[in-house]
Amino acid sequence: MVSIPTPEESRAGSLTLIGGELAFDFTNTSSGRGWPAPTEHLRSAENVVAWARHAKVLGPADADWLRGAVAADEALARRLLRRALDLREALYAIGVEIAAGSPAPAPQVDRLAKEHAACVAHAKLTPDGGRYIWSWTPREAAVEAVLGPIALSALATLGQADLTRVKRCEGEKCGWLFFDTTKNKSRRWCEMEVCGNRAKQKRLGARMRGG
Ligand SMILES: [Zn+2]
């Protein structure tokens, strides 16, 4: 049987991951920002878990466990969704300003720093190949296991990357953010096949109408 997603169904578990950084993929769990009627893909804690699995923040076994945990524990579900959306909104506000060539807004930077500190308080420094990384045990710190890696990705980008590569897709009704890794920083779209072609068709249509 073919299942056709209804408009109410979230695409959190299947969104294209084009952000180039986990933190930007996370900001792109809302579509059409800055335009009328944006689409929210994180409408429940279950959506957050589905995205975390999709983006490989959680492995399948941990994601299955957490999906069961948020279904059974309303307080945990509320906490996960609220903190996820708080962090995402902070990251989006930071990304939009940086993409526009402005400094990141201080209140949102503070929120990121606080969420990072809260997450790291539950992390362990563990060996991974030849180095050490922060790692979380979802069964001990479920919210932090999801948000910790995202906050780390944001901090690493802010601290080490060339911030002129942070961009916002120019596409209509998109608003997605990404880290442009092209050699000459020429990327304009989340996906050429989506927003790039749409813009091309629009230009073509306008030209034809103009005669
Ligand atoms: Zn786009």
Side-chain angles (χ1 to χ4, degrees), residues 12 15-34 38 41-42 48 51-59 80 83-126 128-136 141 143-171 174-192 194-196:
L15 291 165
T16 40
L17 304 172
I18 55 83
E21 267 295 333
L22 182 65
F24 291 132
D25 284 331
F26 188 54
T27 64
N28 299 342
T29 52
S30 166
S31 304
R33 279 175 193 257
H41 302 290
L42 301 183
V48 178
W51 180 85
R53 179 192 191 131
H54 174 54
K56 298 192 163 61
V57 173
L58 295 176
L80 175 62
R83 276 174 64 184
L85 291 178
D86 277 356
L87 176 62
R88 190 193 65 186
E89 293 312 293
L91 295 181
Y92 193 75
I94 292 168
V96 163
E97 290 306 317
I98 290 177
S102 309
Q108 280 80 4
V109 172
D110 285 348
R111 261 161 72 194
L112 165 61
K114 286 206 176 86
E115 186 58 78
H116 169 69
C119 288
V120 164
H122 292 271
K124 280 194 180 76
L125 206 50
T126 51
D128 176 64
R131 60 190 185 142
Y132 282 77
I133 56 164
W134 290 119
S135 69
W136 287 266
V143 177
E144 292 79 7
V146 175
L147 302 187
I150 300 166
L152 272 182
S153 157
L155 281 180
T157 306
L158 281 176
Q160 293 166 21
D162 171 4
L163 295 181
T164 63
R165 291 186 178 278
V166 175
K167 296 195 184 165
R168 183 185 191 172
C169 176
E170 296 176 22
C174 182
W176 276 16
L177 299 174
F178 58 88
F179 191 74
D180 179 0
T181 54
T182 59
K183 210 172 170 187
N184 52 359
K185 304 184 193 176
S186 59
R187 183 172 163 197
R188 296 171 62 194
W189 317 105
C190 60
E191 287 180 288
M192 189 61 212
V194 181
C195 285

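Residue Thr157 holds its OG1 atom at 10.5 Å from CG of Leu152, rounded to the nearest 0.5 Å. The distance from atom CG of Leu147 to atom CG of Leu87, rounded to the nearest 0.5 Å, is 5.5 Å. Leu177 CG to Leu91 CG: the interatomic distance, rounded to the nearest 0.5 Å, is 9.5 Å. Note that the OG1 atom of Thr27 and the CD atom of Glu21 stand 11.0 Å from one another [nearest 0.5 Å]. Distance SG/Cys119 to CH2/Trp134: 11.5 Å, rounded to 0.5 Å.
Residues Thr16 and Val194 fail the side-chain proximity criterion, which asks for heavy atoms closer than 4.5 Å. Residues Phe179 and Arg187 are not in side-chain contact: their nearest non-hydrogen atoms beyond the backbone lie 4.5 Å or more apart. At least one side-chain heavy atom of Leu80 sits less than 4.5 Å from a side-chain heavy atom of Val146. You'll find the side chain of Val57 stays beyond 4.5 Å of the side chain of Phe26, heavy atoms only. By the 4.5 Å heavy-atom criterion applied to side chains, Cys174 and Trp189 are not counted as neighbours. No side-chain heavy atom of His122 sits under 4.5 Å from any side-chain heavy atom of Val143. A 4.5 Å side-chain heavy-atom check between Pro149 and Leu22 finds at least one atom pair inside the cut-off.
When the salt bridge (Lys or Arg N to Asp or Glu O under 4.0 Å) test is applied to Arg83, the partners found at least two apart in sequence or on another chain are Glu115, Glu144. In this structure Arg111 satisfies the side chain to side chain donor-acceptor pair (under 3.5 Å) test with no other residue, sequence neighbours excluded. Contacts of Thr164 classified as side-chain contact (heavy atoms from CB on, under 4.5 Å), with partners at least two apart in sequence or in another chain: Asp162, Lys185. Taking Glu170 as the reference, Arg188 meet the salt bridge (Lys or Arg N to Asp or Glu O under 4.0 Å) condition, with sequence neighbours excluded. Listed by chain and number, the residues in a side chain to side chain donor-acceptor pair (under 3.5 Å) with Trp51 amount to none (sequence neighbours excluded). The side-chain contact (heavy atoms from CB on, under 4.5 Å) search around Ala113 returns none, not counting sequence neighbours. With sequence neighbours left out, the side chain to side chain donor-acceptor pair (under 3.5 Å) criterion links Ser31 to His41, Trp176. Take Arg33 and apply the salt bridge (Lys or Arg N to Asp or Glu O under 4.0 Å) test, not counting sequence neighbours, and it matches Glu89. Remark: Leu85 engages Glu40, Leu42, Leu81, Arg88 in a side-chain contact (heavy atoms from CB on, under 4.5 Å) (not counting sequence neighbours). Under the side-chain contact (heavy atoms from CB on, under 4.5 Å) criterion, Thr126 pairs with Lys124, Ile133, Ser135, not counting sequence neighbours.
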Show every donor-acceptor pair shorter than 3.5 Å between a side-chain atom in residues 93-104 and any protein atom, with sequence neighbours excluded, or say none if there are none.
none

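Closest approach of Tyr92 to Gly175, counting heavy atoms only: OH-O, 2.6 Å. Scanning all heavy atoms of the two residues, the minimum distance from Gly19 to Asn28 falls at CA-ND2, 4.3 Å.
Remark: the backbone N or O of Ile18 is paired with a side-chain donor or acceptor of Asp25 at under 3.5 angstrom.
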